[in-house]
Amino acid sequence: SPQEHGLDFERLLDASAYKETFRQDMIRWGEEKRRADPGFFCRAAVQGALQPVWVVSDTRRLSDVEWFRDAYGDAVQTVRVVAAEETRKRRNWVFVAGVDDAESECGLDEGVAFDWVITNDGDEVALGKQLEMLVQSLHRNL
């Protein structure tokens, strides 16, 4: 964790070079935690949550999705947000071998039937319509 390693947590949340300096170490640390306990991060994400709807963002592995489905069954709605590679490049994304092709980045590219796929290519109206459909569905299922 950032605390264990004396890192600046706020700077790890942005897209800075600071984060990139420690990214592979963070991935390695996370993999060690998951190997020892596959539900480690999932339990941390929901600890103390009491709201009727939770958004657990940035889930990255099939084992995470399976953990939530095992724990919460049909209440789980999986949402994948996608953008074209050209859009991602316009947003300054650059492929880094050993990072962007690691399980932490593409572990959910196969093996999950997502309940929702949201396209975020910069069209705010289209994005808004997709999100409104998702929110309406959540309200109907409360």
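Below, all heavy atoms of this structure are taken into account, side chains as well, without hydrogens, waters or symmetry copies. Note that the coordinates shown come from a computational prediction; the quantities given were computed from them, not determined experimentally.
Ion pairing of Arg90 with Glu86 is absent here, as no side-chain N (NZ or NE/NH1/NH2) approaches a carboxylate O to less than 4.0 Å. In this structure, Lys129 does not pair ionically with Asp123, as no charged nitrogen and carboxylate oxygen lie closer than 4.0 Å.
Under the rule for a side-chain hydrogen bond (donor to acceptor under 3.5 Å, both in side chains), Gln47 has no partner lying at least two apart in sequence or in another chain. For Phe68, the ring-ring contact (aromatic ring centres under 6.0 Å, His included) criterion is met by no residue, not counting sequence neighbours. Under the side chain to side chain contact (heavy atoms under 4.5 Å, CB included) criterion, Asp64 pairs with Arg34, Cys42, Thr59, Arg61, not counting sequence neighbours.
There is a path of hydrophobic side-chain contacts, each under 4.5 Å, that joins Val56 to Tyr72. Clustering ILVMFWY residues whenever any of their side-chain heavy atoms sit less than 4.5 angstrom apart, transitively, puts Val53 in the very cluster that holds Val81. Residues Val76 and Leu138 fall into different hydrophobic clusters, defined by Ile, Leu, Val, Met, Phe, Trp and Tyr side chains chained together at heavy-atom separations under 4.5 Å. Met133 and Leu127 fall within the same hydrophobic cluster, defined by Ile, Leu, Val, Met, Phe, Trp and Tyr side-chain heavy atoms under 4.5 Å apart, directly or through other members.
Checking side-chain atoms of Asp101 against main-chain N and O of Gly98 turns up a donor-acceptor pair under 3.5 Å.
Across Arg43 and Trp67, no two heavy atoms sit closer than the pair CG-CZ2, 3.4 Å. Residues Phe114 and Thr78 share a closest heavy-atom pair of CA-OG1, 3.2 Å. The minimum heavy-atom distance between Asp115 and Gln77, with the atom names listed, is OD2-CA, 3.3 Å.
Note: Phe41 CZ to Ser63 OG = 10.5 Å, rounded to the nearest 0.5 Å.
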Self-check item: Steps toward side chain to side chain contact (heavy atoms under 4.5 Å, CB included) verdict (Val82, Val117)
Solution: CA-CA 7 Å; Val82 298; Val117 177; 4.0 Å; yes

Quiz prompt | Test side chain to side chain contact (heavy atoms under 4.5 Å, CB included) applied to His139 and Leu142, step by step | solution = CA-CA 5 Å; His139 279 291; Leu142 286 178; 4.1 Å; yes

Exercise. Please report the C-alpha distance between Glu103 and Arg60 in whole Å, then the side-chain angles of each, then the deciding distance to 0.1 Å, and finally whether the salt bridge (charged side-chain N to carboxylate O under 4.0 Å, His left out) criterion is met.
Key: CA-CA 8 Å; Glu103 183 185 11; Arg60 294 170 174 253; over 6 Å; no

Self-check item: Worked check of salt bridge (charged side-chain N to carboxylate O under 4.0 Å, His left out) between Arg91 and Asp121
Solution: CA-CA 10 Å; Arg91 294 173 178 159; Asp121 275 324; 5.6 Å; no

Quiz prompt | side chain to side chain contact (heavy atoms under 4.5 Å, CB included) assessment of Phe95 paired with Glu85 | solution = CA-CA 10 Å; Phe95 177 84; Glu85 191 168 328; over 6 Å; no

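Using a 4.5 Å cut-off on side-chain heavy atoms (C-beta onward), Gln130 and Thr119 make contact. In this structure the side chain of Leu134 reaches within 4.5 angstrom of the side chain of Val79, judged on heavy atoms.
The 12-atom threshold is not exceeded at CG of Asp74, counting heavy atoms of other residues, nucleotides or ligands nearer than 6.0 Å. Within 6.0 Å of CD on Glu110 lie no more than 12 heavy atoms contributed by other residues, nucleotides or ligands.
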